[in-house]
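All remarks here apply to the structure that follows.
Here is how names work: the chains are called A, B, and so on, in the same order as the sequence lines, proteins then strands, and each is numbered from 1.
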Amino acid sequence: MLLPDLREDFPLLTRTVRNGKPLVYLDSGATAQKPRVVLDAEREFYEQHNAAVQRGAHLLAEEATELFEGARGDVASLVGAQSQEIVWAENATAAVNLVASGIGNASAGIGGDEAARFKIGPGDEICVTETEHHANLVPWQALATRTGATLRWIPVDDQGRMILDDLDSLVNERTRVLAFTHVSNVTGLISPVGALVARAKAVGALTVLDGCQSVPHLPVDVKALDIDFMAMSAHKMLGPTGIGALYGRKELLDALPPSIFGGGAVKVVTMEETSWQEAPMRFEAGSQPVAQAVGMGAAARYLAGVGMDRVEAHEREIAAVMRAGVAEIPGVRLLGPVGSADARDVIGVASIAVDGVHPHDVGQVLDDAGIAVRVGHHCAQPLHRKFGVTGSTRASAHVYTTREDAEAFVAAVATVPAFFGVN
Amino acid sequence: MLLPDLREDFPLLTRTVRNGKPLVYLDSGATAQKPRVVLDAEREFYEQHNAAVQRGAHLLAEEATELFEGARGDVASLVGAQSQEIVWAENATAAVNLVASGIGNASAGIGGDEAARFKIGPGDEICVTETEHHANLVPWQALATRTGATLRWIPVDDQGRMILDDLDSLVNERTRVLAFTHVSNVTGLISPVGALVARAKAVGALTVLDGCQSVPHLPVDVKALDIDFMAMSAHKMLGPTGIGALYGRKELLDALPPSIFGGGAVKVVTMEETSWQEAPMRFEAGSQPVAQAVGMGAAARYLAGVGMDRVEAHEREIAAVMRAGVAEIPGVRLLGPVGSADARDVIGVASIAVDGVHPHDVGQVLDDAGIAVRVGHHCAQPLHRKFGVTGSTRASAHVYTTREDAEAFVAAVATVPAFFGVN
Amino acid sequence: MSSLEQMYQQVIMDHAKQAHGKGLVDLNLIQVGESHQVNTTCGDEIRLRVGLEDDRVESVTWEGQGCSISQASVSVLHELVEGTTLSEAEATMEAFRDLMQAKGEALDDDREDLLGDATAFVGVGKYPARIKCAMLGWMAFKDAMIQARKDEA
Amino acid sequence: MSSLEQMYQQVIMDHAKQAHGKGLVDLNLIQVGESHQVNTTCGDEIRLRVGLEDDRVESVTWEGQGCSISQASVSVLHELVEGTTLSEAEATMEAFRDLMQAKGEALDDDREDLLGDATAFVGVGKYPARIKCAMLGWMAFKDAMIQARKDEA
Ligand SMILES: Cc1ncc(COP(=O)(O)O)c(C=O)c1O
Ligand SMILES: Cc1ncc(COP(=O)(O)O)c(C=O)c1O
């Protein structure tokens, strides 16, 4: 069930690359292209309404504030949250850090009584998984270092699936946080959110979901998933660079101390001390990425307009075409589940290793054919180490990806072994 | 010495407000309007070159990286820094927090041996001033709470000037950081940077300059000022929202631990531990505000093209017109230095208190006349408390501000007391 | 009448100059609630105290500084709700909130009657940034009522 | 010859397949330096060891994994600088860096002579992202030389 061809909406997709070749853009997992409505929303903001939000008493400030808060509502709707549960952040990485540093700050005595529930220290545990992007791993390592808590992780098997056999001992009464990705940016595997959340709830651990690769590609409802926090990035959701968002349950957000301190986030400031506003304001210190919020709101509306269930169906099919295609090429190894039955939990991505050819070299041959893919470890070194490779070549899709794009990828990969004389 | 009329370059300035009145935009201290070249640079990036930077091996990624790093160079040139000494941050607030949290993390054992020089704790002191914007005050309060260090501050007199009489005792051998603003966002006063830096150097304290209100308005050379760190925000420099930058001496940046953890900032990641890249990459975790960096670079080039010395002359003159004008209106009090001799250190700003009329009400009357100003405490509560008011009405200028704008402000303020029947 | 004049109607100017209910009163009642609210835009603060007895709002007093809109609004609030029943107070509160969200349009007659002098605030609804000012006292009232009723238990 | 073919010239393919100087050698010299470099894009690592004696680069060996460009480049590096004088090695290093920055243009004859097989890397200069790959071994060499000379003092 493919979507109609939406490339018309995306100005960049008409450009040509090496030697005038048409562009086949298969690097949406790194960053997506932007529809015209997003670019227009930003530009119109700058040309008609640009002003500091929330504080001004003039017309432009009122208009800017209305657009800014409206965008918050649009992003909230896309994921089933309340407006006030959406905090703007520079990117998904910053969103995860906001939670981790907030817990660190609570543990260091910042935030008073209401923050006490977040305090962690030696003897406490934080649990992640082996499939995490560095963005949802390194902040927790740092929190462990800072507080003396212990970091544990759920391992994955050689197809990249989380091994839940020891879940009950890995997530136990000492576990305070369980952080995991919704969709892997390397294998495209959809995580068993239900089982993980249930276990976290049973032991009273906070759940932090990395929604970077799910929110842009499938329907996500934070209330149905029953998670506590979720990070997302606009630039992967057809939105602008420079902005992302954190979803957090309101009562948690109102108690978590901030980790970026400054104007706008505060209630009363004396030279000696400061009290903070409620969420989301307490986390939005300094002038916010206002035009980008407006753009992210427009992107959320665009995605909702296409329909996230249709987006999901589209991306499953594109993934299937790419994965089935490369799996047949001798000397090419598909990372993650292989075979149509196993692949049913996979969306939007095909990462491969070509025997005897380094991913950089694979990428170079594809680039020469006008095909843009990502090479390297995709910020998931532990997972690649598990697969026994330092890097891979990843093709990733979005709403504008066509069957022809997927087929072009497969055809170009087939030329690689011969080019490097390895078959 | 006023600049030629540059309003043509700024699309928003042609719009009308309440009842079709032409807009008189005097809220540039909160956020500036953007010239067309900045908007075009962003749009062209999205339409032609958008891709993830630094990591891709395809043409778009190469182009995007070149633009992104080129912009870093443009921002560096504007302030006399080396490219690698410029770190992108979401805004100036984030830039200050990056330094404060980095010191906090070093003190909590993150960053290893090389970070040891930043460790602070009980007995150490951090010094700020009473004129600081919350962005350069609250992060230091939080650092003091986190580490047990003591926060001290340089007081200001009733005209808002820093009192340096006790400088030698306020900044002493225990002082590890001296953080202060270059230009006050309330009074427009230019700080005595030379004296403060000399004292900090004498005792071996790090200097952190808040360049938010200086970099957009006067020539700034970080090497000539001899400071260690400086924060700035693009949106006040005619650039996009959603991005700012930190200048830091390279050898300091290479040793300071990050405080936002994630991909791109790291060298080797295992499940157990992580090593970081050199600056600036180590501070740029996650997908960066790439289009915004390109826009900030364009803004830096635009400002350099106009010439920062000419910008300074322009803003001094606009400030002089506004300040002299309002000072003559009975019942209107000018915050900061009064009188032409005293005002020689003032740039771009006039903040006033109208006897018996709340700033919100003043702002409303101006808004009705099409004049956009800022009302409130402008994120400088301690300074307003010092002045004995909870808030003020601030008019602030930029390169596009004309003498007519300044005169319109003065004329409208003159109507305020009568409107509220207080004269 | 310009929008500005519609906002600063004489009633509002008068209340702002001569505010009612100003000065916290010590209450010898069982159900007393107090709330402190800050308008983070400008730093204005209001502390408001209510005393309930049986089913009635016996006393509403406050102290604080602010713009003419916030001062007039809390003054009118005092006039409107002191002495009413709890349910009348709630209805008034709701009507005022609706007025603020009406973007400058008048409410229906029933609710206009409830609001009395407070209908003069109709013009504020056109200025989103000022709605916060007008609501400051009412937020404090709402919160103080919750506090007071807690004492019930 | 397409840009791709210009990049992957036969010389490069050959060096990549049959890399020279691979395998760290224990050195019984006074001035030994070692450097470990990581290409953060892809995680490729190189460890390179140099041994100096008097004025000469006596030994250059390395270990590591990487793309054909990085492997071929360090293999060529080994061939070019092992056995040369320090100043020849510096000149070669500089010429290679210039070649990388020449955006695909050839250098002048003198420097081409210095570079020998390494001139085959001319095509890499057109691909900024791959310059890092080609430079990885040379960065390690530069750093290892600094380390080795530290032992001098
Ligand atoms: C002096 C000063 N410092 C810091 C800031 C904070 O800048 P931003 O809001 O862009 O983080 C501002 C602007 O609001 C300012 O005027
Ligand atoms: C699964 C996952 N998590 C986190 C991130 C980090 O997102 P960002 O770089 O926008 O902060 C990414 C994207 O790189 C990702 O794919």
Looking at A/D368, A/D367, A/L23, which hits side chain to side chain contact (heavy atoms under 4.5 Å, CB included) with B/L59?
A/D367

Contact winner vs chain B - [options], heavy-atom pairs under 4.5 Å:
| options | result |
| --- | --- |
| A/A293, A/G264, A/G286 | A/G286 |
| A/K236, A/E132, A/H378, A/E273 | A/E273 |
| A/L13, A/D40, A/L98 | A/D40 |
| A/A135, A/P139, A/C379, A/G376 | A/P139 |
| A/G363, A/A372, A/A144, A/A265 | A/A372 |

Heavy-atom pairs under 4.5 Å with chain A, option from [options] with the top count:
| options | answer |
| --- | --- |
| B/H134, B/M271, B/E47, B/R374 | B/M271 |
| B/L151, B/L12, B/T93, B/T274 | B/L12 |
| B/P257, B/P289, B/S259 | B/P289 |
| B/L39, B/T147, B/V375, B/V290 | B/L39 |
| B/V266, B/T145, B/V138 | B/V138 |
| B/S233, B/G109, B/A285 | B/A285 |

Can you confirm whether A/N97 sits close enough to B/F261 that some side-chain heavy atom of one is under 4.5 Å from a side-chain heavy atom of the other?
yes

By a 4.5 Å heavy-atom criterion (distance strictly below it), what part of [X] contacts chain A: side chain, backbone, both, or neither?
| X | value |
| --- | --- |
| B/N105 | side chain |
| B/D27 | side chain |
| B/Q141 | side chain |
| B/V128 | side chain |
| B/A380 | neither |
| B/H377 | neither |
| B/Y25 | side chain |
| B/E63 | side chain |
| B/S101 | side chain |
| B/T129 | backbone |

State, to 0.1 Å, how close [X] and [Y] come at their nearest heavy-atom pair, and which atoms those are.
| X | Y | value |
| --- | --- | --- |
| A/K267 | B/Q381 | O-NE2, 3.2 Å |
| A/A108 | B/R146 | CB-CG, 3.8 Å |
| A/Q288 | B/N91 | NE2-ND2, 4.4 Å |
| B/A89 | A/E90 | C-OE2, 3.9 Å |
| A/Q48 | B/R15 | O-NH1, 2.6 Å |
| A/A30 | B/A52 | CB-CB, 3.8 Å |

Lys/Arg N to Asp/Glu carboxylate O, B/K34 vs A/E42, below 4.0 Å:
no

Any salt bridge linking B/E62 with A/R18? Criterion: basic side-chain nitrogen under 4.0 Å from a carboxylate oxygen.
yes

[X] portion near chain B, given a 4.5 angstrom heavy-atom threshold:
| X | answer |
| --- | --- |
| A/E272 | both |
| A/A61 | neither |
| A/D361 | neither |
| A/P240 | both |
| A/I243 | neither |

Take A/T241 and B/Q292 through the side-chain hydrogen bond (donor to acceptor under 3.5 Å, both in side chains) test and state the conclusion after the steps.
CA-CA 7 Å; A/T241 60; B/Q292 292 72 37; 2.7 Å; yes

Before you tell me yes or no, could you show the steps for B/T270 and A/R385 under side-chain contact (heavy atoms from CB on, under 4.5 Å), namely the whole-Å CA-CA distance, both residues' side-chain angles and the distance that decides it to 0.1 Å?
CA-CA 9 Å; B/T270 65; A/R385 214 169 279 126; 3.5 Å; yes

Show your working on side-chain contact (heavy atoms from CB on, under 4.5 Å) between B/L26 and A/H58 and close with a plain yes or no.
CA-CA 10 Å; B/L26 289 171; A/H58 54 82; over 6 Å; no

Taking the side chain from B/N50 and the backbone from A/A32, do they hold a donor-acceptor pair closer than 3.5 Å?
yes

